[in-house]
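Reading through the structure tokens given below for one structure.
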Amino acid sequence: MEALRASYGSSSEDSDDDSSLERSKKRAAVSPPSPEPQSLPPPPLDLLDPPVLIPAVTKKQLVPLIRKSMLLVEGLHAVDIDIPLKDLCVDDEKFLELVLGREFHISLSRTVPIRLHQIDSIVTMLQQKLQAQKRYWIEFNTWEVFVNDDRTRTFLSMEVSTRGLKEITRQIQVVNDVYRLHNLPEFYENPRPHISLAWGLGDISHSLQQAVNELNRSRPSSGSAQKNIFSCMFNGIECRIGKKSYTICKVLVA
């Protein structure tokens with residue numbers, strides 16, 4: 001464009017044109033480039049989580065067991081609030097409220113980043129495919145150790161291995177189908193539904209497994225017929241994208 005401007009400027013005095021062009025070049029040289037607009041990162045998709053509440057009787061039975069695991073493995077923290085368990089042991093009521101009194105969740109998918117334009121499509125498809133859900137019992141049968149993918153945290157968990165496993169596995173398969181259509185990573189090949197109560201930094205699975213073995217030997221039981229730690233009723237599925245929650249299905253109590 002410099003040659004074009006020079007030809008149009010030939011009708012004026014050469015000195016004026018030269019000085020004007022020189023000033024224009026200097027201004028262009030010192031002007032900083034316009035910053036490119038930055039787009040917000042896509043929101044993480046935490047999908048899907050049937051809420052789980054531990055019964056009051058079970059919570060009281062679990063307190064001495066979790067304290068035992070804390071003595072066997074140092075550095076355990078309460079999940080989500082990230083407070084060391086040792087700081088909560090002095091007050092039973094506080095321990096019950098903060099460690100066991102919150103709402104737990106069974107993950108039906110990985111937590112993955114998605115694009116903004118995918119949100120409506122994913123939520124709508126999940127609602128359509130999972131709307132016809134019935135109530136069923138979920139039994140947490142055993143204590144277990146889980147390590148996250150990058151091996152930065154190890155979790156003390158309770159696993160669903162019998163009643164409810166078939167229904168949860170079906171739900172995971174539906175979620176996988178929706179994820180596949182949106183080019184998102186699917187869940188683990190062999191799902192092991194669970195809720196996590198505490199975590200330790202790094203891969204401490206070996207030491208935590210010893211604590212888990214002790215917990216399974218002395219888990220609470222109100223009678224010889226009780227083979228699970230506790231059970232709850234499935235009543236719905238939620239999807240969390242960023243800070244927003246979407247109801248995928250809700251099973252009403254009859």
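Looking at every heavy atom in both residues, Leu88 comes nearest to Ala78 through CD1-CB, 4.4 Å. Taking every heavy atom of both residues into account, Glu214 and Arg217 meet most closely at OE1-NH2, 2.9 Å. Of all heavy-atom pairs between Ser231 and Pro55, the closest is O-CG, 4.2 Å. Taking both residues in full, the closest heavy atoms of Gly101 and Lys59 are given as CA-NZ, 4.0 Å, listed atom of the first, atom of the second, then distance. Nearest heavy-atom pair, Phe234 versus Lys134, reported as atom, atom and distance to 0.1 Å: CD2-O, 3.5 Å. Here the closest heavy-atom approach between residue Leu197 and residue Val99 is recorded as O-CG1, 4.5 Å.
Between the side chain of Arg135 and the backbone N or O of Met233, no donor-acceptor pair lies under 3.5 Å. Although no hydrogens or angles enter the test, the distance criterion places no donor-acceptor pair under 3.5 Å between the side chain of Asn216 and the main chain of Thr142. Of the possible polar contacts, none joining the Ser161 side chain to the Asn141 backbone as a donor-acceptor pair under 3.5 Å is found. Thr169 places a side-chain N or O within donor-acceptor distance of the main-chain N or O of Leu165, the cut-off being under 3.5 Å. Listed for the Glu159 side chain is no donor-acceptor partner under 3.5 Å among the backbone atoms of Pro193. Remark: side-chain polar atoms of Gln128 are not paired, donor with acceptor, to backbone N or O of Met125 under 3.5 angstrom.
Taking the centre of each ring, Phe155 and Phe146 stay at or above the 6.0 Å mark.
Trp137 and Val251 end up in different hydrophobic clusters when Ile, Leu, Val, Met, Phe, Trp and Tyr side chains are linked at under 4.5 Å. Following chains of ILVMFWY side-chain contacts shorter than 4.5 Å, one can reach Ile172 starting from Tyr246, so the two form part of one hydrophobic cluster. Taking hydrophobic clusters as Ile, Leu, Val, Met, Phe, Trp and Tyr residues chained together by side-chain heavy-atom distances below 4.5 Å, Val147 does not share a cluster with Leu156. Hydrophobic clustering, with ILVMFWY side chains joined whenever heavy atoms are under 4.5 angstrom apart, groups Phe140 together with Val145. Phe230 and Val79 are members of different hydrophobic clusters when ILVMFWY side chains are connected at heavy-atom separations under 4.5 Å.
Rounded to the nearest 0.5 angstrom, Arg110 CZ and Tyr179 OH are separated by 10.0 Å. The CD atom of Gln118 sits 9.5 Å away from atom CG of Leu116, with the distance rounded to the nearest 0.5 Å. Atoms CD1 and NE2, from Ile119 and His182 in turn, are 11.0 Å apart once rounded to the nearest 0.5 Å. Note that CD of Glu167 and OH of Tyr136 are 6.0 Å apart. Values are rounded to the nearest 0.5 Å. Distance CG/Leu208 to OG/Ser205: 8.0 Å, rounded to 0.5 Å. Taking CD of Glu238 as the reference point, atom SG of Cys249 lies at 9.5 Å (rounded to 0.5 Å).
Under the 4.5 Å side-chain criterion, counting only non-hydrogen atoms from C-beta, Pro84 is not in contact with Leu76. Between Leu85 and His77, the closest side-chain pair of non-hydrogen atoms is not below 4.5 Å. Between Leu62 and Met158, some side-chain heavy-atom pair lies under the 4.5 Å cut-off. Side-chain contact between Glu144 and His194: absent, with no pair of heavy atoms (C-beta onward) separated by less than 4.5 Å. Residues Glu139 and Val160 fail the side-chain proximity criterion, which asks for heavy atoms closer than 4.5 Å. Within the 4.5 Å cutoff, no side-chain heavy atoms of Thr152 are placed close to those of Leu201. Between Ile204 and Ser207, some side-chain heavy-atom pair lies under the 4.5 Å cut-off. Counting heavy atoms from C-beta on, the side chains of Ile122 and Ile241 never come closer than 4.5 Å.
Remark: Asp82 engages Arg153 in a salt bridge, criterion side-chain N to carboxylate O under 4.0 Å. Remark: Asp80 engages Arg102 in a salt bridge, criterion side-chain N to carboxylate O under 4.0 Å. Remark: Arg67 engages Asp92 in a salt bridge, criterion side-chain N to carboxylate O under 4.0 Å. Glu97 has no carboxylate O lying under 4.0 Å from a charged side-chain N of Lys94, or vice versa, which leaves the two without a salt bridge.
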Take Asn148 and Trp199, measure what side-chain hydrogen bond (donor to acceptor under 3.5 Å, both in side chains) needs, and give me the verdict at the end. CA-CA 10 Å; Asn148 63 358; Trp199 64 270; over 6 Å; no
For Leu184 and Ile114, run side chain to side chain contact (heavy atoms under 4.5 Å, CB included): C-alpha distance rounded to whole Å, both residues' side-chain angles, the deciding distance at 0.1 Å, then the answer. CA-CA 8 Å; Leu184 297 174; Ile114 63 170; 3.7 Å; yes
Applying side-chain hydrogen bond (donor to acceptor under 3.5 Å, both in side chains) to Asn213 and Gln209, what does each step give before you reach the verdict? CA-CA 6 Å; Asn213 293 339; Gln209 185 63 54; 3.0 Å; yes
Test side chain to side chain contact (heavy atoms under 4.5 Å, CB included) applied to Phe104 and Leu53, step by step: CA-CA 6 Å; Phe104 295 88; Leu53 293 175; over 6 Å; no
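The environment of Glu74 atom CD is sparse: at most 12 non-hydrogen atoms of other residues, nucleotides or ligands sit within 6.0 angstrom.
Residues Tyr188 and Asp149 bring a donor and an acceptor atom of their side chains to less than 3.5 Å of each other. Side-chain atoms of Gln171 and Gln133 form a donor-acceptor pair, as typed in the model, at a separation below 3.5 Å.
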